[in-house]
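This report refers to the structure that appears directly beneath it.
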Amino acid sequence: MISGVERWRGPDTVAGAEAVQGELAARVEIPAGPVPPPRRVAGLDVSYRKDSDLVAAAAVVVDTRTLEVVEEAVVEGAATFPYVPGLLAFREVPMLLRALDALTTPVDLLLCDGQGLAHPRRCGVACHLGVLTGLPAVGCAKNHLVGEHDEPGPRRGDRSALVDGGDVLGCALRTQDGVRPVYVSPGHRIGVDQAGDVVLGLCGTFRLPDPVRRADHISRRALT
DNA sequence: GCGACAG
DNA sequence: ATCTTGTCGC
């Protein structure tokens, strides 16, 4: 269970949402050195239904040592904000906070399906969730949003920095030999290198980290 | 004007 | 994200 979550007040305009991100971005903390390795990670994801605003959000807590599932939570609701590139958090965060509240297990880190710092205003969905919960958070996106990077080497674990405006925001990480890289960036209370390490350590034999895959499956199944 | 554009 | 079967490639 996550306590002390401040009530989310969603803006209703693009300008308002961007202003909120400016404020949240200022509250993101990125430590210079390593932080204690997370023991329990919550993978998060949201699924949508084609012809309605019904959505399902899932949170799956996984033990990083055994890769065993500790707890799962799924909630359903209505989408209240449209998808706008750069403003994904306003569409998904309200539901994800509800899923997190449904958990009874304390978690050490949030692993989100989307960007963290690798965002136009350095405030991707992982930053929103990290700041609002106070927990360390990492963003792991399947596609690129911002930042330039060299093509990572072809093998599992190969990575190259994501750079934008002179800042290293994250990395393009090859999580399996020959697969397309994922885009990893810190959301809160963790550094770029360690964020990549955490994601790689949770990928098993798949491109995406296990907790996120499980959250995807569960949220999708909930809409059936 | 022409791309790019997390989910 | 979602609608969807078979099929091309390793």
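Lettering of chains follows the sequences in order, A, B, ..., and the numbering in each one begins at 1. What you see is a predicted model, and the numbers here were worked out from it, not measured in a lab.
Put simply, NE2 on His119(A) is 12 Å from C1' on dG7(B), counting in whole angstrom units. Rounded to whole Å, atom P of dC5(B) lies 13 Å from atom CD of Glu148(A). Atom pair Asp164(A):CG and dC5(B):P shows a separation of 13 Å (rounding to whole Å applied). Following rounding to the nearest Å, Leu88(A) (CG) and dA6(B) (P) show an atom-to-atom distance of 9 Å. Between the CD atom of Glu92(A) and the P atom of dA6(B) there is a distance of 12 Å, given to the nearest Å. dA6(B) atom C1' lies 12 Å from atom NE2 of His128(A), rounded to whole Å. Following rounding to the nearest Å, His149(A) (NE2) and dA4(B) (P) show an atom-to-atom distance of 14 Å. In this structure, CZ of Arg221(A) is placed 19 Å from C1' of dA1(C), rounded to the nearest angstrom.
Connection of Leu100(A) to Val69(A) is not established within any shared hydrophobic cluster, with ILVMFWY side chains joined at heavy-atom distances below 4.5 Å, either directly or through further cluster members.
Side-chain nitrogen and oxygen atoms of His144(A) include at least one within less than 4.0 Å of the OP1 or OP2 phosphate oxygen of dC5(B). Neither OP1 nor OP2 of dA6(B) sits under 4.0 Å from any side-chain N or O of Tyr183(A). Neither OP1 nor OP2 of dA6(B) sits under 4.0 Å from any side-chain N or O of Lys142(A). Under 4.0 angstrom from either OP1 or OP2 of dG7(B) there lies at least one side-chain N or O belonging to Asn143(A).
Within the 4.0 angstrom heavy-atom criterion, no nucleotide atom of any strand lies near Val55(A). Within 4.0 Å of Gly86(A), counting heavy atoms only, lies at least one base atom of the nucleic acid. Nucleic acid contact for Leu87(A): base, since at least one base atom lies under 4.0 Å from a heavy atom of the residue. At a threshold of 4.0 angstrom between heavy atoms, the contacts of Asp51(A) with the nucleic acid are absent.
We find that Arg91(A) and Asp53(A) are not joined by a salt bridge, their nearest charged nitrogen and carboxylate oxygen being 4.0 Å or further apart. One finds no salt bridge joining Glu23(A) and Arg121(A) here, because no Lys/Arg side-chain nitrogen approaches an Asp/Glu carboxylate oxygen to under 4.0 Å. A salt bridge between Asp164(A) and Arg122(A) is present, with a side-chain N of the basic residue lying under 4.0 Å from a carboxylate O of the acidic one.
Judged by centroid separation below 5.5 Å and plane tilt below 30°, Tyr48(A) does not stack onto the base of dG7(B).
Comparing atom distances between the Pro85(A) side chain and each of dC3(C), dC5(B), dG7(B) picks out dC5(B) as nearest.
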Open item on the list: Between Arg189(A) and Leu109(A), does the side chain to side chain contact (heavy atoms under 4.5 Å, CB included) criterion hold? Intermediate values first, please.
Closed with: CA-CA 9 Å; Arg189(A) 297 181 53 193; Leu109(A) 182 142; over 6 Å; no
